[in-house]
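Reading through the structure tokens given below for one structure.
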Amino acid sequence: MPEPIIRLEHVEKAYNSQGKLLKVFEDLNLEVYRGELLAIFGPTGCGKTTLLNLIAGFDKPQAGKIYVKNVEIGSLPESRLADFRRKHVGVVFQTDNLVPDMTVFENVELPLVFAGVGRAERHRRVEEALKAFWISSYADRKVSTLSVGERRMVSLARAVVTDPEILLLDEPTDFLDALTVDLMISSLKGRLMRGKTLVATTHRGRLVRVAERVVRLKKRLP
Ligand SMILES: Nc1ncnc2c1ncn2[C@@H]1O[C@H](COP(=O)(O)OP(=O)(O)OP(=O)(O)O)[C@@H](O)[C@H]1O
Ligand SMILES: [Mg+2]
């Protein structure tokens, strides 16, 4: 049995919404193995984004433990958690958080600036990431002038530019036409071949068909 790179044990997550407790996960157990593409599939509101936020450490469970690379991320102080995430995890958010006033190049370069990578190496890696998602031709465009689908590709390039071991993708196929989805999947598959681990949420068929494993979440009734 391969070793899991991500492990969730008895995770409980609830939100307090206007005085009402909304339970999303009561006892979630999940293992993600090194080098696999795992699809998280389920209807709107079932907890897909919540699950990725928990794995990335942006959100914390009320109970249970989450291990990433054998580190219990709940035990890390905020500064070490940010550092850990920067080193090992790339995230593509469902609603992107690109900086609209900066160019595509500058947005993709940002994680490398934070990681203290030198200028020449930064340029080499940004160019490679832009090429991987076919967006080299709009490197100098401001993000605010791009279409939603184009922005999605920029988010993908930014998530892979540090070559993280783990990629968390929230609805990566949204806003993309079928051909672009295929191009994106082939680029992601190249990463799998190099031993990276991908967790992608989706409510569409295409990603589910190419994933090695699919976890289906159900929406809990309030
Ligand atoms: N900050 C929050 N406060 C209160 N409730 C929240 C919060 N974030 C999420 N929820 C609720 O938790 C449930 C799960 O939300 P989540 O965003 O994880 O769903 P999802 O599966 O990603 O949905 P979608 O397919 O629409 O992206 C939803 O019912 C949502 O309303
Ligand atoms: Mg979501």
Side-chain angles (χ1 to χ4, degrees), residues 6-32 36-68 73-74 76 78 81-82 85 89-98 100 133 143 146-160 164 166-178 180-181 184-185 188 197-222:
I6 300 167
R7 201 164 81 242
L8 279 79
E9 285 180 358
H10 306 297
V11 164
E12 193 186 306
K13 178 70 196 169
Y15 291 109
N16 205 329
S17 182
Q18 287 155 343
K20 270 195 174 168
L21 200 66
L22 179 91
K23 280 191 180 176
V24 184
F25 303 125
E26 207 157 29
D27 181 19
L28 181 68
N29 295 279
L30 175 70
E31 291 187 335
V32 185
E36 77 170 339
L37 166 55
L38 176 71
I40 309 285
F41 184 72
T44 287
C46 70
K48 301 181 296 296
T49 298
T50 302
L51 176 56
L52 292 192
N53 283 337
L54 289 169
I55 295 173
F58 291 125
D59 206 349
K60 292 203 185 324
Q62 273 81 20
K65 293 205 159 101
I66 299 169
Y67 297 88
V68 179
I73 56 169
L76 294 178
E78 206 50 53
L81 179 62
R85 197 186 297 126
V89 187
V91 185
V92 174
F93 296 93
Q94 188 165 9
T95 314
D96 76 60
N97 64 346
L98 299 167
F133 292 97
V143 159
L146 300 179
S147 78
V148 185
E150 287 164 348
R151 287 172 72 127
R152 176 52 49 102
M153 298 308 256
V154 179
S155 299
L156 282 156
R158 191 183 58 176
V160 304
I166 299 168
L167 259 186
L168 305 177
L169 310 162
D170 204 357
E171 305 288 351
T173 59
D174 270 5
F175 317 118
L176 302 177
D177 60 69
T180 313
V181 167
M184 183 197 75
I185 287 171
L188 294 177
T197 306
L198 271 62
V199 182
T201 70
T202 184
H203 37 230
R204 293 217 206 161
R206 185 74 185 95
L207 251 180
V208 165
R209 285 198 297 279
V210 297
E212 269 109 355
R213 215 151 54 86
V214 180
V215 168
R216 284 164 203 275
L217 297 179
K218 291 203 179 99
K219 188 167 164 63
R220 292 176 60 88
L221 296 172

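Each residue takes its place number in the sequence, starting with 1. Remember, it's 1-based here, ligands and their atoms both numbered in the order they're listed.
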- Message: For Arg213, give me all partners under side-chain contact (heavy atoms from CB on, under 4.5 Å), at least two apart in sequence or on another chain.
- Response: Tyr33, Glu36, Leu38

- Residue, atom and distance of the protein heavy atom nearest atom 9 (C) of ligand 1 read Tyr15 CE1, 3.3 Å

- Heavy-atom proximity to atom 15 (O) of ligand 1, picking from Asn53, Asp170, Thr50, points to Thr50

- Only counting residues at least two apart or in another chain, list the ones meeting side-chain contact (heavy atoms from CB on, under 4.5 Å) with Ala56. Phe58, Arg85, Val91, Leu168

- Message: Which residue and atom name correspond to the protein heavy atom nearest atom 13 (C) of ligand 1, and how close is it?
- Response: Gly45 O, 3.4 Å

- Message: Between ligand 1 and Leu22, is the shortest N or O to N or O distance under 3.5 Å?
- Response: no

- Item | Closest to atom 25 (O) of ligand 1 among Lys48, Gln94, Lys20, Gln18 (heavy-atom distance) | Lys48

- Query: If you measure from the Lys or Arg side-chain nitrogens to the Asp or Glu carboxylate oxygens, is any gap between Glu150 and Arg152 under 4.0 Å?
  - Reply: no

- Message: Pair Leu98, Arg151 - check side-chain contact (heavy atoms from CB on, under 4.5 Å), show working.
- Response: CA-CA 8 Å; Leu98 299 167; Arg151 287 172 72 127; 4.1 Å; yes

- Note on the structure: among protein heavy atoms, the one nearest atom 17 (O) of ligand 1 is Thr49 CB, 3.6 Å

- Could you tell me whether Gly47 and ligand 1 have an N or O pair separated by under 3.5 Å? yes

- Item | Number of protein N, O or S atoms [distance to the Mg ion (ligand 2) under 2.8 Å] | 2

- Item | Closest protein heavy atom (residue, atom, distance) for atom 26 (O) of ligand 1 | Thr44 CG2, 3.2 Å

- Audit row: Glu31, Ile6, side-chain contact (heavy atoms from CB on, under 4.5 Å) steps and yes/no: CA-CA 6 Å; Glu31 291 187 335; Ile6 300 167; over 6 Å; no

- So which pairs with a foot in residues 56-65 pass salt bridge (Lys or Arg N to Asp or Glu O under 4.0 Å), sequence neighbours left out? Lys13-Asp59

- Item | Whether Glu26 side chain and Glu12 backbone form a donor-acceptor pair below 3.5 Å | no

- Query: Looking only at heavy atoms, what is the nearest atom pair of Val214 and Ala211, with distance?
  - Reply: CG2-CB, 4.4 Å

- Query: Looking just at side-chain N and O atoms, do Thr201 and Asp170 make a donor-acceptor pair shorter than 3.5 Å?
  - Reply: yes

